[in-house]
Amino acid sequence: MGLPAFLDDPPRLRRLLFSCATLRTLTRLHALLIVSSSDHHILSSVLATAYVRAGDLAAAESTVAAAPASPSSITAWNALLSAHNRGGSHDAALRVFRALPPAARPDSTTFTLALSACARLGDLAAGEVVRERAYGAGYRRDIFVCSSLLNLYAKWGAMGDAVKLFDQMPRRDRVTWSTMIAGFVNAGQPVEAIEMFRRMREDGLEGDEVVMVGILQACTTTGDVRMGGSVHGYLLRHCMPMDVVISTSLVDMYAKNGLFDVACRVFQLMAYRNDVSWAALISQFAQNGHADEALGLFREMQVSGVRPNSGAVVSALLACSDIGFLKLGKSMHGFILRRLELDCIVSTAVIDMYSKCGSLASAQTLFNRVSSRDLILWNAMIACCGTHGRGRDALALFKEMDGNKVTPDHATFASLLSALSHSGLVEEGKFWFDCMVNEYGIEPAEKHLVCIVDLLARSGLVEEANDLLTSMHTEPTIASLVALLSGCLNNKELELGESTAEKILELQPKDVGILALVSNLYAAAKNWDKVREVRKLMKDHGSKKVPGCSSIQIYGALHKFVMEDQSHPQHKQILQMVSKLDSEMRKRGYVPKTEFVYHDLEEGIKEQLLSRHRPSNLRVCGDCHDAIKLISEIADREIVVRDAKRFHHFKDGACSCGDCW
DNA sequence: GTAGGGTTAG
């Protein structure tokens, strides 16, 4: 049987290879070429490129590798490298680059592609090897090679190297400038980024969309909304195409600086919004306590047909945590399992959501299922145990983490110490604090000091706590003094208490809760002059508190209560139940602790207020704590209460957290 | 067959 005539017609064969639509026809053609006696090696580059286009990168590689290396084969190698990069297989791209036969003579494109792979991988060392080879091959002044190298440095914080290279470059174009700008933004040097932009314009170049995105990010981090706004105006004046990315940067810039109405307006005017645009706005609402708006937007996003990405889901989970919306959070967990990848970031958010919605057990279960855990995930789980009053569990996790070769950081210790402190594990707390400083070389930050002072003072070791504070190089902060004072008050160490109170007053606190604590200390010390003085301070300077809000979720519906609020449809029935519980409690010997009311009122009125009291410092107060203990017994229910910081699990007339009041 | 951009976790 004769072979098709086109096999002896190289130009026709070339055309055929290029137009091969499917991998199957291509493989068949290749087989024919091999059986034919014609010298198909001269076509191997074309064949390999065709394989790349058909998506069979392995076939492409073996084809180009089997052919004798020639300068013309480098385009096929480049096509292969480029395809690996496009598909996200940067490791494979680097492997191909390393396997390149020297006779193939890598060119500017080859080095550019290899450097791009290094930049994606963050492999600075591999980048150095590529750079040396590129320089050796005479591409020291090639603008593409230099830009790729610059990008590698800029993306991974080697701004010193980037600046050096940038200054040596024979020529700079918009891409080189914008790479430098993005690099400075990334490295947390927004001022330098803006300075670069100024120099760029001095050089006679105008910014394009990519440059302006960098500048907007710089404005976002410096908080310079004026400049951000003028960039916005510049974009409009120069009729720059407002694409998704630049509009999203604008939304982010306005929202991150608190201008939610402007951000929403820009968002509404966008011709097209993708998942990132939605996520940008949702995250800002979620992070600034506007959980309802965040969840509303999340819903709208789904209605409009955009599938939430992990960023949007993480933010929505944060909103659920914020208002304790367990049912919605659970359904998001389900959505993630069906549609998204459960990576460390998402797992952390889900675990945090379960914990903050009161379900530590669900958080634990998920944590145990996650196979690869990063530092932040461990930290989150340790923090969860701590807030639920499980100091020993937190310590066990910490030890397990250490065994898993994850090195704890300052945040780990902050959570661990806080957990130990609230569970009354004094010896352990002291031990790990020393360990943190001496073995892990972590300089105690304010949050660590507050924890350890709290731990010591809580257990009565007020002198030791005070000595620790005075031994530090820096002046004690309000928070650490408050921790000390609170310990003094609870342990009736009034002498040290009074001097601590004095120090706190010198720092002029505005927080009503802190002033109340100071006043209580003076009252305990019977220093009535001081009590009057502090009360006056509370009246004159005390910051106006946003009224505390309590909420409860029943069958997925959220019920909210604010002080004096009577808007709930079942208000009457609720009050009836409260008074029923109240009389039942009094029968069991409940006496309201009126010292927790910070207003100057008659005793009788105080009691009335207390029975529907949300604490002004957003922590469960001692009176509520006692009351809920009794209610859990009367109603024979487990009651989980979350305040601003921690959880209280009440059951059979007791609270799981050993430390509260 | 070549270089640069937006959101998200303790």
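None of the values given here were measured: they were computed from a predicted structure.
As a whole-Å value, the separation of A:Ile246 CD1 from B:dG5 C1' is 9 Å. Regarding A:Leu317, its CG atom lies at a distance of 11 Å from the C1' atom of B:dT8, rounded to whole Å. The CH2 atom of A:Trp77 sits 17 Å away from the P atom of B:dT2 (whole-angstrom rounding). When rounded to the nearest whole Å, the span between CE of A:Met332 and C1' of B:dT8 equals 14 Å. One atom, CG of A:Leu216, and another, C1' of B:dT7, lie 15 Å apart when rounded to the nearest Å. For A:Asn274 and B:dG5, the CG to C1' distance is 12 Å, given to the nearest whole Å. Note: CG (A:Leu165) to P (B:dA3) measures 17 Å, nearest angstrom. Here the C1' atom of nucleotide B:dG10 and the CE atom of A:Met401 are 10 Å apart, to the nearest Å.
At the heavy-atom level, A:Ala411 lies under 4.0 Å from base atoms of the strands shown. A:Val313 comes within contact range of no nucleotide atom at all, as no heavy-atom separation falls under 4.0 Å. Nucleic acid contact for A:Ser82: sugar-phosphate only, since backbone atoms but no base atoms lie under 4.0 Å from a heavy atom of the residue. Counting non-hydrogen atoms under 4.0 angstrom, A:Asp275 reaches nothing in the nucleic acid. Within 4.0 Å (heavy atoms only), A:Ser277 reaches at least one base atom of the nucleic acid. Using a 4.0 Å heavy-atom distance criterion, A:Gln284 is classed as a sugar-phosphate-only contact. Using a 4.0 Å heavy-atom distance criterion, A:Ser310 is classed as a base contact.
Between the side chain of A:Ser178 and the base of B:dG4, at least one donor-acceptor pair of N or O atoms lies under 3.5 Å. If you check distances only, the side chain of A:Thr179 never reaches the base of B:dG4 with a donor-acceptor pair under 3.5 Å. A donor-acceptor contact under 3.5 Å is not formed by the side chain of A:Ser148 with the base of B:dA3. Residue side chain A:Asp352 does not reach the base of B:dG10 through any donor-acceptor N/O pair under 3.5 Å, judged by distance alone. Counting distance only, with no hydrogens placed and no angle test, the side-chain atoms of A:Thr109 and the base atoms of B:dG1 include a donor-acceptor pair under 3.5 Å.
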Does A:Trp278 form a ring-ring contact (aromatic ring centres under 6.0 Å, His included) with A:Phe267? I'd like the steps, not just the answer. CA-CA 9 Å; A:Trp278 284 96; A:Phe267 185 78; 4.9 Å; yes
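Here the side chain of A:Leu375 is nearest to one of B:dT7, B:dG10, B:dT2, namely B:dG10. Taking the side chain of A:Ser147 as heavy atoms from C-beta on, and the options B:dG4, B:dA3, B:dT8, the nearest nucleotide is B:dA3. Looking at the side chain of A:Asp409, the nearest of the listed nucleotides B:dT8, B:dG5, B:dG10 is B:dG10. The A:Thr112 side chain lies nearest to B:dT2 when the options are B:dT2, B:dA9, B:dG10. Closest to the side chain of A:Ala182, from the set B:dG5, B:dT2, B:dT8, is B:dG5. Comparing B:dG5, B:dA3, B:dA9 against the side chain of A:Phe144 picks out B:dA3 as the nearest. Nearest to the side chain of A:Leu318, among B:dG5, B:dG10, B:dT2, sits B:dG10.
A side-chain donor-acceptor contact under 3.5 Å links A:Asp409 and A:Thr412. For A:Ser108 and A:Asp142, the side-chain atoms include at least one donor-acceptor pair closer than 3.5 Å. For the residue pair A:Arg369/A:Thr365, the side-chain donor-acceptor check at 3.5 Å is not satisfied.
Checking each of A:Trp378, A:Tyr440, A:Phe433 against A:Phe413 for a ring-ring contact (aromatic ring centres under 6.0 Å, His included) leaves exactly one that passes, namely A:Tyr440.
For A:Lys447, no side-chain nitrogen or oxygen approaches OP1 or OP2 of B:dG10 to under 4.0 Å. Taking only side-chain nitrogens and oxygens, A:Asn151 never comes nearer than 4.0 Å to OP1 or OP2 of B:dA3. OP1 and OP2 of B:dT7 both lie 4.0 Å or more from every side-chain N or O belonging to A:Gln287. Using a 4.0 Å cut-off, no side-chain N or O of A:Gln217 falls inside it from OP1 or OP2 of B:dG5. Within the 4.0 Å cut-off from OP1 or OP2 of B:dT7, not a single side-chain nitrogen or oxygen of A:Ser283 is found.
Checked against the 6.0 Å centroid criterion, the rings of A:Trp177 and A:Phe197 do not qualify as a close aromatic pair.
Here the side chains of A:His410 and A:Lys447 are in contact, with some heavy-atom distance below 4.5 Å.
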